[in-house]
Amino acid sequence: MAYDVLIKNGRIIDGSGMPAFHGDVAVKDGKIVEMGKLSGAAGQTVDVEGRVVSPALSTIIAITMRRSPGTRSAPSPATTARPAS
């Protein structure tokens with residue numbers, strides 16, 4: 001399978017309650033499709049050696065950023081994450 005993004009060599013905390021593990025996260029069509037020791041083609045590969053990758057936290061941030069109609073709050077830098085260019 002060709003991935004859109006392959007995040008390599010991170011310390012993965014998946015939110016399951018299990019201990020963190022060293023591995024990779026693959027994204028296809030905006031969704032996480034695999035985690036573990038992965039290989040394969042990707043449109044973009046990001047080496048995050050020495051950093052934490054937390055797919056569960058990314059999901060929480062994305063849900064929090066969705067504004068309900070009529071609310072005045074906007075995402076702040078503390079709740080907004082963007083991938084490095």
Side-chain angles (χ1 to χ4, degrees):
M1 168 188 283
Y3 308 117
D4 295 332
V5 179
L6 185 57
I7 302 168
K8 301 279 295 174
N9 304 315
R11 181 173 174 239
I12 300 172
I13 300 174
D14 66 6
S16 68
M18 298 297 291
F21 61 95
H22 191 79
D24 314 318
V25 176
V27 178
K28 176 81 172 165
D29 297 325
K31 297 180 181 173
I32 295 169
V33 292
E34 289 187 71
M35 289 191 297
K37 282 303 216 180
L38 307 175
S39 62
Q44 180 181 9
T45 300
V46 181
D47 188 349
V48 295
E49 182 70 42
R51 294 181 176 92
V52 171
V53 178
S54 182
L57 180 58
S58 299
T59 301
I60 291 167
I61 290 170
I63 291 168
T64 303
M65 288 177 58
R66 292 185 187 144
R67 293 172 42 184
S68 299
T71 26
R72 294 184 182 192
S73 62
S76 72
T79 61
T80 305
R82 292 186 179 203
S85 304

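We're numbering straight along the sequence, starting at 1.
With Gln44 as reference, Val5 is the one residue of Val27, Leu6, Val5 to meet the side chain to side chain contact (heavy atoms under 4.5 Å, CB included) rule.
To the nearest 0.5 angstrom, Lys8 atom NZ is 9.0 Å from His22 atom NE2. The distance from atom CZ of Phe21 to atom CD1 of Ile13, rounded to the nearest 0.5 Å, is 10.0 Å. A distance of 11.0 Å separates CD1 in Ile7 from CE in Met35, rounded to the nearest 0.5 Å.
Counting only distance, with no hydrogens or angles, the side chain of Asp24 and the backbone of Leu38 share a donor-acceptor pair below 3.5 Å. A donor-acceptor pair is defined here as one N or O able to donate and one able to accept, closer than 3.5 Å; no such pair exists between the side chain of Asp4 and the backbone of Gly43.
The two residues Lys37 and Gly23 make their nearest non-hydrogen contact at CD-CA, 4.3 Å.
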